[in-house]
Amino acid sequence: MGHVRNYSIGDVIARYKRMRGFNVLHPMGWDAFGMPAENAAIEHGVQPAKWTYDNIAYMKKQLKRMGFSYDWRREIATCDVKYYKWEQWMFLKMYERGLVYRKNAPVNYCVKCQTVLANEQVEKGMCWRCGEEVIQKDLTQWFFAITKYADELYDFCDRLPGWPENVLAMQKNWIGKSYGVEVDFTTENGAPLTIFTTRPDTLYGVTFMVLAPEHPLSSTLSKGTSYERDVLSFVEKAKRQDRSFRGESSTRKEGVFTGRYAINPVNGMKIPIFVGNFVLMEYGTGAIMSVPAHDQRDFEFAKEYDLPIIVTISPHDRVLNPQNMEEAYEGDGVIVNSGQFNGMNNREAIPLIINYLEEKKYGKGTVNYRLKDWGISRQRYWGAPIPIIYCDECGVVPVPYEDLPVVLPLDLEVTVVGKSHLPECKEFVNVSCPKCKRPAKRETDTMDTFVESSWYFLKYTCADYDEGPLDKEKVDYWMPVDQYIGGIEHAVLHLLYARFFNRVLNDLGFVGVREPFKNLLTQGMVIKDGAKMSKSKGNVVDPDYLIERYGADTVRLFCLFASPPEKDLDWSDRGVEGSYRFLQRVWRLVIEQSASLKDLKGIVELQEMDDDAGLLVHLIHKTIKKVTEDIERFHLNTAIARIMELVNGIYRYIERERTQQKEKDLLRGSIEVVLHLLFPFVPHITTELWERLGKDIREIGSTWPGYNEKYVQEEKVTIAVQINGKLRDTCEVVRDIDEGLLKEIVFSRDKVKHYIPDRQIKKTIIIPNRLINIVC
RNA sequence: GCCUGGGUGGCGGAAUAGGCAGACGCAAGGGACUUAAAAUCCCUCGGGGCGCAAGCUCUGUACGAGUUCGAUUCUCGUCCCAGGCACCA
């Protein structure tokens, strides 16, 4: 149902824009590779390719039944070799540019899915797909160097006004940019020990240092001291500890003294070096300076191991005494105990201290990111092969461009869930080395499916192009995507990857723009009984059943009417009935009137008619205006509400039989407007009714009604009458009434007189055509 | 802890720029039509009080202050909910 909603929103916009004369690219395609398809296929004893294409056929049928106006000539399936061939080509280009590399590293591994996951694909220590706990494994894997773009991806978040705040906040959080400084401490034997800190203003308060267990010095520093044994066993233990456990802030801070000391460059102080379980090798330099007075973690550690505390920042409202501090003071204040920087405000001092460090060559200002490179190797069959060959002689050899594509064998029998069958396929694995022609082996990991979805939107612009990866002319004609619609679940997955990939392709000269998506709309989930629809919860609503029972238009209408696009939608069977009722009401209106309206021209102008007609003319024009504005700003639910009001108004108009020619012209005109406004939401019923009115069906989807501002304004307006800010009365006057006249009318009213018996009127505020407020 | 959103009837939700709170729909209650039902149509519908009555009146947009002639809307503080990040130095 979530898809139906998403696509219904997109279809309204596409149809509306077409009606307004735009050339609209509204495509559909299939993100077809991936584990769910692979596993489902195996469970059903079918080859994944067949399974996938059968599913595509089924889905396509459903989408067509829903009446979504896709340009099927641009259809893409990412498992089609014509598509992933160019992805492999891009991989090679990125390899040449050093944007793809291979390294052995601890990676996230899902035991259930039996494959590696990128950092973005781990949610709270669990696999984003299956919810299984993710473990760490040392593996040699391929990585995309997304961190090379970290800075830009972060900064451009402030240049995406068309994106929702929360998505930008999530991306910024994920990239995690922090300004600081790398400072070189030295060990006793003169070896450098570099740390990263965001608080150089506390440098004089360092009383010890802590290394991550994985830090190279952790295992070597204590050599020859009596602490060596303890340190090594601590390191071993920490490395075995569960990472998600080690990452908990509630985990007790443990450490061990290395027997060695370091020198603080700014004050020459000799400070002990520890190895600690709470320091992360992946962040900064894997080593920290510890300032227990001003960092809570360091404070806890210092208390645990009885280490000294030196205050270097004094708060404005009290004096800190290291002896009786109960927690670290992390706030701002005046610098103390810090040589030449004493007396300064700590915030203002930070840049000066960094300057000082740089001048003295003690360190340099740095920016650190939380973002890690994107691991794209997947130990799975159903994906795009990574175009790499391993040769005993030549090492890692990229597949030559002219040998592309590396085709995923489809005749392979795939029988065991969770295991990649590619390594067993001798015809695939065994090749001759492109360099030395000796026997070599292909890479058998496939690419993360997020790679496919990182550039599909570009391929839509030139789906049939095969001379190269992309037809730049077409890409530049269409890009960027004016309106992207998707779920919030992709806030840091797909949307970050796609922004990265688009930049790479921009650098490679295939795309003219830097950012792919100008405007983003994140639609809410479809909820039933208070939970997201899922098979396991048994609260799914079957679109096929609904289409069968109510028709596609009702399903579309309800999805759009029940809540604004960006909010979650509470599924309600009763609500669906309501939408169905409304469409039947429209149907009845047209069918009942169509006989008497034959051969009339629809007119929506006022021509010497009664008040009812005047009201209807006004309502028609106001509705056109409001619906137009509402669609423009994606308030599709209120747009529908407006049209409902117009339909109600037309019914009111025909309570009295309308026999005059001009009355019937107006009635017909109003009905035509309803059908036009309703068309982007419910194309089937409106097209049918349009035809029954004897009109050309090509017309309904290609024009959008205009309104006349003259009729939008009503002749008479109701003014709210307030006395001291409280509503006491309303009165009807002609539009744009003279203020003096208005006062005269208002002051002569009994109610007003009643509320201002004999008091003096201090002032009167008039908001034209809306309100008058008498202050007394 | 930090960063985003958000809190309005029984429910989903309205209220472009500070100006009649509750549009539109759902549910509920009452009525009309019908032999009956369905369908359809009409009326009522935030809460309290007064009135036989048309009506009158107080109160109300999480809570408390503030700005303003006037606040659902702006400012400050508090509480709660959802999402993201979090031993990130």
Side-chain angles (χ1 to χ4, degrees), chain A residues 123-124 164-178 180 195-199 202 209-210 212 246-253 276-280 282-291 294-298 300-301 330 368-370 488-489 491-492 522 527 557-558 561-564 566-579 581-582 584-585 588 626 629-630 632-633 635 637-645 647-648 651 655 718-730 751 762-776:
Chain A
E123 292 171 348
K124 295 184 177 146
E165 280 301 321
N166 59 336
V167 175
L168 295 172
M170 283 161 83
Q171 294 228 344
K172 280 184 162 188
N173 271 344
W174 189 261
I175 297 167
K177 183 177 189 175
S178 53
I195 56 93
F196 172 77
T197 182
T198 55
R199 296 292 307 271
T202 63
M209 302 186 78
V210 189
R246 254 180 75 190
E248 289 287 319
S249 60
S250 53
T251 302
R252 211 167 65 112
K253 287 164 190 44
N277 64 345
F278 65 99
V279 179
L280 307 171
E282 308 89 85
Y283 189 79
T285 60
I288 61 165
M289 65 177 213
S290 287
V291 186
H294 305 296
D295 183 289
Q296 187 56 26
R297 293 156 302 181
D298 298 345
E300 286 170 30
F301 195 86
E330 297 183 333
N368 238 296
Y369 298 95
R370 208 193 72 100
I488 187 70
E489 67 272 19
V492 284
T522 47
I527 304 279
L557 190 71
F558 177 72
F561 178 65
S563 83
E566 66 280 4
K567 275 185 90 166
D568 286 348
L569 180 143
D570 242 316
W571 190 262
S572 150
D573 294 334
R574 298 282 201 170
V576 179
E577 292 277 352
S579 295
R581 267 203 296 269
F582 169 69
Q584 283 181 312
R585 206 164 135 79
R588 241 181 294 121
K626 292 276 192 187
E629 287 168 355
D630 280 354
E632 288 286 350
R633 56 190 184 128
H635 289 209
N637 55 331
T638 53
I640 294 166
R642 302 284 178 211
I643 304 172
M644 287 173 167
E645 282 179 287
V647 171
N648 292 344
Y651 267 104
E655 264 170 29
T718 307
I719 304 280
V721 180
Q722 291 187 344
I723 290 149
N724 290 327
K726 285 197 175 184
L727 180 74
R728 295 300 182 185
D729 197 7
T730 57
K751 271 196 176 174
K762 286 190 194 130
K763 66 172 161 176
T764 311
I765 291 130
I766 294 173
I767 308 295
N769 300 322
R770 286 187 159 255
L771 171 141
I772 175 166
N773 188 13
I774 303 157
V775 186
C776 56

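Below, read A as the first sequence line, B as the second, and so on, with proteins coming before strands; counting in each chain starts at 1. Computed from heavy atoms alone, side chains included, the values below leave out hydrogens, waters and symmetry copies.
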Just call it for Phe582(A): base, sugar-phosphate, or nothing, with non-hydrogen atoms closer than 4.0 Å on any strand.
nothing

Within the structure provided, determine whether Val721(A) and Arg728(A) are in side-chain contact (heavy-atom separation under 4.5 Å).
no

Phosphate OP1/OP2 of C41(B): any Arg585(A) side-chain N/O under 4.0 Å:
yes

Quick note, Glu165(A) side chain, CB onward, closest among C3(B), G19(B), G5(B) is G5(B)

Output yes when at least one side-chain N/O atom of Lys751(A) is less than 4.0 Å from OP1 or OP2 of C56(B), else no.
yes

C1' spacing across the pair A86(B) / G13(B), given as an integer number of angstrom
35 Å

Tell me every residue that passes side-chain contact (heavy atoms from CB on, under 4.5 Å) with Leu168(A), counting only those two or more places apart in sequence or in another chain.
Cys157(A), Leu160(A), Trp163(A)

What is the separation between atom CZ on Arg370(A) and atom C1' on C2(B), rounded to the nearest whole Å?
13 Å

Nearest whole Å is fine: how far is C87(B) C1' from Asn277(A) CG?
9 Å

Would you mind checking if Glu629(A) and Lys626(A) are paired as a salt bridge, meaning a charged N to carboxylate O distance below 4.0 Å?
no

Please report, rounded to the nearest Å, how far the P atom of A14(B) is from the CG atom of Asn637(A).
5 Å

Taking the minimum atom-to-atom distance to the side chain of Arg574(A), which one of A28(B), C69(B), A89(B) wins?
A28(B)

Compare side-chain N and O positions of His635(A) against OP1 and OP2 of G13(B) and report whether any pair is under 4.0 Å apart.
no

Can you tell me which nucleotide in C24(B), A89(B), A86(B) comes closest to the side chain of Val279(A)?
A89(B)

Inter-nucleotide P distance (A21(B), C26(B)), Å rounded:
26 Å

If you measure only the distance, is there a donor-acceptor pair under 3.5 Å linking the side chains of Asn173(A) and Arg370(A)?
no

For Ser572(A), which contact category applies under a 4.0 Å heavy-atom criterion: base, sugar-phosphate, or nothing?
nothing

In this structure, how many angstroms lie between the P atom of A14(B) and the CZ atom of Phe561(A), rounded?
10 Å

Determine whether a donor-acceptor pair (one donor, one acceptor, N or O, separation below 3.5 Å) exists between the side chain of Gln296(A) and the base of G1(B).
no

Ranking A89(B), A23(B), C69(B) by distance to the side chain of Glu645(A), first place goes to A23(B)

Nucleotide of G13(B), C85(B), A89(B) approaching Trp174(A) most closely (side-chain heavy atoms)
C85(B)

For the residue pair Phe301(A) and Phe278(A), does the interplanar ring angle fall in the parallel (under 30°), tilted (30 to 60°) or perpendicular (over 60°) class?
tilted

C50(B) and G29(B): how far apart are their C1' atoms, nearest whole angstrom?
24 Å

Report yes if at least one side-chain N or O of Asn173(A) is closer than 4.0 Å to OP1 or OP2 of A86(B); otherwise report no.
no

Students often get this wrong, so: under 4.0 angstrom with heavy atoms, is Thr718(A) touching a base, only sugar-phosphate, or nothing?
base

Ranges pairing with ranges for RNA chain B, where each run has three or more Watson-Crick or G-U pairs under 3.5 Å:
B:1-7 with B:79-85, B:10-12 with B:24-26, B:28-32 with B:40-44, B:46-50 with B:55-59, B:62-66 with B:74-78

Looking across every strand, which nucleic acid part, if any, lies under 4.0 Å from Asn648(A) by heavy atom: base, sugar-phosphate, or nothing?
sugar-phosphate

For the pair made of CD in Glu629(A) and P in A17(B), what is the distance, rounded to whole Å?
12 Å

In G51(B), glycosidic geometry as syn within 90° of 0 or anti otherwise
anti

Classify the nucleic acid contact of Arg581(A) as base, sugar-phosphate or nothing, counting any heavy atom under 4.0 Å across all strands shown.
sugar-phosphate

Nearest whole angstrom, please: distance from the P of A71(B) to the CG of Asn724(A).
12 Å

Between Asp295(A) and Asp630(A), name the one whose nearest nucleotide on RNA chain B is closer to the 5' end.
Asp630(A)

Any N or O donor-acceptor pair under 3.5 Å from the base of C87(B) to the side chain of Lys253(A)?
yes

Please compare Val775(A) and Met289(A) by the position of their nearest nucleotide in RNA chain B and report the one closer to 5'.
Val775(A)

Is the shortest side-chain N/O distance from Arg297(A) to OP1 or OP2 of C88(B) below 4.0 Å?
yes

Identify whether any heavy atom of Gly578(A) sits under 4.0 Å from a base atom; if not, whether one sits that close to sugar-phosphate; answer base, sugar-phosphate or nothing.
sugar-phosphate

For the C1' atoms, the ones on G19(B) and on U72(B), what distance do you get once it is rounded to whole angstrom?
13 Å

Please report the distance separating the C1' of C74(B) from the corresponding atom of U67(B), rounded so that it comes out in whole Å.
8 Å

Roughly how many Å apart are C52(B) and C11(B), using the P atom of each and rounding to a whole number?
33 Å

Base, sugar-phosphate, or nothing: which does Pro164(A) touch, judged by heavy atoms less than 4.0 Å apart?
nothing

Between C87(B), G83(B), A21(B), which nucleotide gets closest to the side-chain atoms of Met170(A)?
G83(B)

U16(B) base to Arg633(A) side chain: any donor-acceptor pair below 3.5 Å?
yes

Contact class for Lys567(A) vs. all strands (heavy atom < 4.0 Å): base, sugar-phosphate, or nothing?
sugar-phosphate

Considering only the C1' atoms, how many Å lie between U35(B) and A28(B), rounded to the nearest integer?
28 Å

Is the phosphate of C69(B), meaning OP1 or OP2, less than 4.0 Å from a side-chain N or O of Lys726(A)?
no

Does Asn166(A) put a side-chain nitrogen or oxygen below 4.0 Å from OP1 or OP2 of A82(B)?
no

Side-chain atoms of Thr638(A) come closest, of A15(B), C3(B), C24(B), to A15(B)

Heavy atoms under 4.0 Å, any strand shown: does Asn773(A) hit a base, just sugar-phosphate, or nothing?
base

For a quick check of understanding: with a heavy-atom distance under 4.0 Å over all strands, which category does Asp568(A) fall into, base, sugar-phosphate or nothing?
sugar-phosphate

Nucleotide of C58(B), U40(B), U16(B) approaching Arg728(A) most closely (side-chain heavy atoms):
C58(B)

Integer-rounded Å distance: C88(B) P and Asn368(A) CG:
13 Å

When the C1' atoms of U8(B) and C88(B) are considered, how many whole Å apart are they?
40 Å

Rounded to the nearest Å, what distance is computed from the CG atom of residue Leu771(A) to the P atom of nucleotide A71(B)?
12 Å

May I have all residue pairs that pass salt bridge (Lys or Arg N to Asp or Glu O under 4.0 Å) and include part of residues 167-176 of chain A, sequence neighbours excluded?
Asp158(A)-Lys172(A)

Touch class at under 4.0 angstrom, heavy-atom based, for Arg770(A) against every strand present
sugar-phosphate

